[in-house]
Every structure is written in C-alpha cells, then in structure tokens.
Amino acid sequence: MAGLQPVRGTQDLLPDAHRRHRAVIETARGIAARYGYQEIATPIFEFTEVFARPIGVSSDIVSKEMYTFKDRGEEEITLRPEYTAGIVRAILSNGLTQSLPLKLFASGPMFRYERPQKGRFRQFHQIDVELIGVAQPLGDVEAIALGAEILDALGILKRTVLELNTLGDTASRAAYRAALVSYYDGHKGSLSEDSLRRLEVNPLRILDSKDEGDKRVNAEAPAFEAYLTQEAHDFFAKVRGGLDALGIAYQLNPRLVRGLDYYCHTAFEFVTTDLGAQGTVLGGGRYDGLMGIMGGPETPGIGWAAGIERLALLIDEPAGPQRPIVIVPLGEAGEAAGLTIAQSLRRAGFSVDLGYSGNLSRRMKRADKLNARAAIILGDNELARQVATLRDFDSGEQVEVPLSELEARLAPFR
RNA sequence: GCGGGCGUAGCUCAGUUGGUUAGAGCGCCAGAUUGUGAUUCUGGAUGUCGCCGGUUCAAUUCCGGUCGCUCGCCCCA
C-alpha cells in the first residue's frame, strides 16, 4: 500500500480519456446492433471454477494471471480475465440454449495479474461479441466483418492487418499436434528453454516463438495444411471466400494459434505495429467445444474481444462536450434570475452552466475556459427592463434580448 | 515470474562533475480592467528532487533496497 497511488496496473479514466473510451464503446455498440447483436452484462467476478475449468489449471493464465481470492464465505472467487467463459456460464444458467442462435454484445472491465506494459494493464476494458449456435462458416465471416466495420468506423482499420488461420477440427488438430511433437522431439537440442516447456504444455506455441534457434527449427516443421481433414479444409475455404466476397483483406498466418482444445477452425487477429509488443487490437475465433466442457449441450460458438485501451490509443480525438451557454449573473437579483433561467433552458435542451462566484470579469474568464458558445449576462440594468445581455463568444457580438425571447434567440446555439 | 531504461512543480522537461537560496516553458492565481472572455502587459505561488536506508562534514546528485512507470521476455485462455 503506497499512500495515494492506485494499485499497480490500474488507472483513473479522467474525462478526456473516458471520452475516448466512450467513443469506442458507443461506436461498437451501434454497429453491433445493426448486425442484430443485443447487449448483455455479466458479473465482473465468478466462481474460480468458471474460468479455471475451460482454461485448464496447468496454464499460465490460471497459475499466475488470474486475480483470485477467497471471499468472506470462503468461496474461491476470480475477477474475470475474459468475457467468453462468463457469458457461456450465463447462457447455461439462464437456459438460453433454447433460444439459439444468440448474438450478444458486451463491454466492461477485465482483470489480469500481469506485468503492465504499454497498452497492457491489470484492469483493462474490452468490447466483446459472441455468436452462439451457428456452426456454419457464414457465422465466422459475419463476426469478422462486424469487427472490421467497427475498426473502420473508428478510423483504424487501415492501421491494422487482419491475420487469419485455421486450427482445423478435432481430428485435424490431433493429427497435426502429434506430427509436431514427433518433429520437435527430434530437435530438442536446438530448442530454447521456453520452447522445451511449450513442447510439454502447448506445442503449437513453438511455431510462434521469437527465439532465433526456434525459428530455424520451425522452418522445417510440418505444415498444418497437410493434416487438415477435407471437412476442415472446406470450412476454411468458405470463410475465406466470404471475406473475399465482402472485400475484407487478410493475411494467412499459419503461426496464429490458440492453445486450448475447445478452439477450432477460424482464428483471427487484427494487429497493428503502432502499439509496441501489444499489437493485437481485436482477436477471436471459433470455440465449438467450450459449451460442452462447461457442462452444457454441445453448441458451436464464435466470438471476439477487442481492447478498449488499445483502440482508444489509436483513434482520433473524439468531439468534445457540447459547448455550453453560460449564465453570468451580477448581484443577488441576477443570481436568483439566473438559477431559474438556467433550469428552464436546460429543460429546453440547451447545455447551460451557471458560474458560482466572482465578478463579471472573473465569470467571463471561466465561461471562456468552459469553451462557452455564448454568455447571458444578468445584472440589475437588464432585470429592470426584463432583458438579458447575450454575448456571442465566437463573433464577440453582444445584444440585448427580452427574457421572453431568450430561448428562441439561443436556438442556433443548441 | 524474468531482464533493460526511467522517476525533479499540475503537465513537458532542464540542472546539480556531492556544497548552503533547485530552474524554464505551459498551466494556475492576482492585478492592469470594482459591467465584459479569448489577445497583451505586470506580479505571485509552485516542490517530501518517488519512498526507506547506507556512505559522507555535507546526498536531489553516489550505493543498496523498495514502490511506480516504461520497453522487452513469458503468456494472452
């Protein structure tokens, strides 16, 4: 505990940063709605089991990256490190498997106990999309198209590359995995320490290693293509065909992998080179095996998540708040009149601020700092004649307006 | 969890080869203007030099630890 410091890896979202986050969320929400997605929210913490079971206790995520603790009732609780498991749990808890297909949108905070870096925090935020109950490649295409359209609307699609791969079906994966293990077993002497560990835990990950020695070994490694079943091959061809039809560009990346067995077929990431090592801004894939692992009926699913912080770093400055009309009262009578005038103007739809103290010069300065569109000056001079002085901050022009006409005269400033 | 860099005012940073009163710009406050903002001029305050300890006559400066940030590794389900 270090005084007034926030917990490591957490941050305050002050108004400017929060506006960026909101721009990301609202853009995504609006477009997802056009694709037929409905918004839901799930708890930010669950029983640890919800995340641990599908992920596997041996993985790094469970062993070192989850925020896990016991609550006062001695229950094992984990702050959600991702959306999918919690949403799937919610679907099963609420019997929504009777209402397939489901198209769900969500956004909110996630928690991972890891070392913070640029664009990587312990509490961060994601937008998330899940399409449950669609086994056809059309679902993959639509989910990716939705992601691409959101990135485009945010003005950052052109700063990213869509990387695409297939993980095949269960039979393809099993055959490929066996071939890889057999190949790497014959090259153990050339593998890095990390990759020797990966060989035990997650051999596909070796393909993505940044170690130079590993890269040389990988050059000769068997390719997944040869191990794809006809069915998996056709599925991937249809996904690519759909993307082509929509004019969505992509790069095949055979090293784009997922470790867990319930992932299958399509894996994709929109990546950028503008964020250092944290290049992925939106990533997802198909997880047909997840519902079964979590105890529900076997149900196909595909989804993606995007990091709001990372997107917020990339977008252009969003529009600021609506420029207010500022009431500048002079004296007690002016303040009394200003209070009621401000309220009626707000009810009429204007953004109105009411300075709280100071002389005229001081209040005018504050109004300017608020980026005011205009000021309404209410002094004894004005009130005696039932008028207000209206000053346009852009033109510098100033006119007297009868109080009864104020609302109409302000219409252009709404 | 592992390795590198950094930490001075609200912000961006300079500086002290260890020396007594630590600086700039921006921002902030006040005045010129007690009925007029943005411009201009004048003045003012910025501070635990991250924190704790060590060395020293003397530490913001050197050393160690710690916290935080940052870049990378691991990992990203």
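Lettering follows sequence order; numbering is per chain, from 1.
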Using a 4.0 Å heavy-atom cut-off, does [X] contact any base of the nucleic acid, only the sugar-phosphate backbone, or nothing at all?
X       : value
R80(A)  : nothing
G284(A) : nothing
G396(A) : base
Y262(A) : sugar-phosphate
R363(A) : nothing
E193(A) : nothing
R198(A) : sugar-phosphate
D194(A) : sugar-phosphate
T389(A) : base

Roughly how far apart, to the nearest Å, are [N] and [M] at atom [atom1]?
N      : M      : atom1 : result
G47(B) : U60(B) : C1'   : 11 Å
G10(B) : U42(B) : P     : 25 Å
U33(B) : A14(B) : C1'   : 36 Å
C41(B) : G25(B) : P     : 13 Å
U8(B)  : A59(B) : C1'   : 14 Å
C67(B) : C52(B) : P     : 15 Å
C63(B) : G23(B) : C1'   : 27 Å
C71(B) : C28(B) : C1'   : 34 Å

Indicate the ring-plane relationship of F270(A) and F268(A), choosing parallel, tilted or perpendicular according to the 30° and 60° boundaries. perpendicular
Taking the six-membered ring for Trp, are Y113(A) and Y67(A) parallel (under 30°), tilted (30 to 60°) or perpendicular (over 60°)? perpendicular
Hey, is the side chain of N359(A) pairing donor to acceptor with the base of G35(B) inside 3.5 Å? no
Between the base of G1(B) and the side chain of E65(A), is there any donor-acceptor pair under 3.5 Å? no
Expressed in angstrom and rounded to an integer, what is the separation of [X] atom [atom1] from [N] atom [atom2]?
X       : N      : atom1 : atom2 : result
R8(A)   : U70(B) : CZ    : C1'   : 11 Å
R362(A) : C28(B) : CZ    : C1'   : 10 Å
L191(A) : C74(B) : CG    : P     : 14 Å
K210(A) : C74(B) : NZ    : C1'   : 9 Å
D16(A)  : G27(B) : CG    : C1'   : 14 Å
L360(A) : G31(B) : CG    : P     : 13 Å
M364(A) : U39(B) : CE    : C1'   : 14 Å
F121(A) : C69(B) : CZ    : C1'   : 11 Å

[X], nearest nucleotide to its side chain (from [options]):
X       : options                : result
K365(A) : C74(B), U36(B), G37(B) : G37(B)
Q398(A) : A38(B), U36(B), C29(B) : U36(B)
R115(A) : U36(B), G3(B), C75(B)  : G3(B)
K369(A) : C29(B), G72(B), G35(B) : C29(B)
R120(A) : C28(B), C74(B), G35(B) : C74(B)
R391(A) : C74(B), U36(B), C29(B) : U36(B)

Heavy-atom nearest nucleotide on RNA chain B for L330(A) versus Y113(A): which residue maps closer to 5'? Y113(A)
Does any nucleotide pair with [N] by Watson-Crick or G-U wobble geometry, both distances under 3.5 Å, and what is it?
N      : result
G68(B) : C6(B)
A24(B) : U12(B)
C49(B) : none
U55(B) : none
G31(B) : C41(B)

List for me each residue that meets salt bridge (charged side-chain N to carboxylate O under 4.0 Å, His left out) alongside R385(A), sequence neighbours excluded, and say none if there are none. E400(A)
Kindly indicate whether the side chain of L378(A), heavy atoms from C-beta on, has any atom under 4.5 Å from the side chain of V328(A). no
Phosphate OP1/OP2 of G35(B) contacted by S361(A) side-chain N/O (<4.0 Å): no
Hey, does the side chain of R205(A) come within less than 4.0 Å of C75(B)'s phosphate (OP1/OP2), counting only N and O? no
Give a yes-or-no answer on whether the side chains of Q126(A) and S107(A) include a donor-acceptor pair shorter than 3.5 Å. no
Stepwise ring pair (Phe, Tyr, Trp, His ring centres under 6.0 Å) test for Y227(A) and Y176(A): CA-CA 6 Å; Y227(A) 295 86; Y176(A) 184 52; 5.7 Å; yes
Is R391(A) salt-bridged to E397(A), cutoff N-O under 4.0 Å? no
By the definition side chain to side chain contact (heavy atoms under 4.5 Å, CB included), identify the one residue from V134(A), L131(A), V239(A) that meets it with D140(A). V239(A)
Interatomic distance, L191(A) atom CG to E193(A) atom CD [nearest 0.5 angstrom]: 11.5 Å
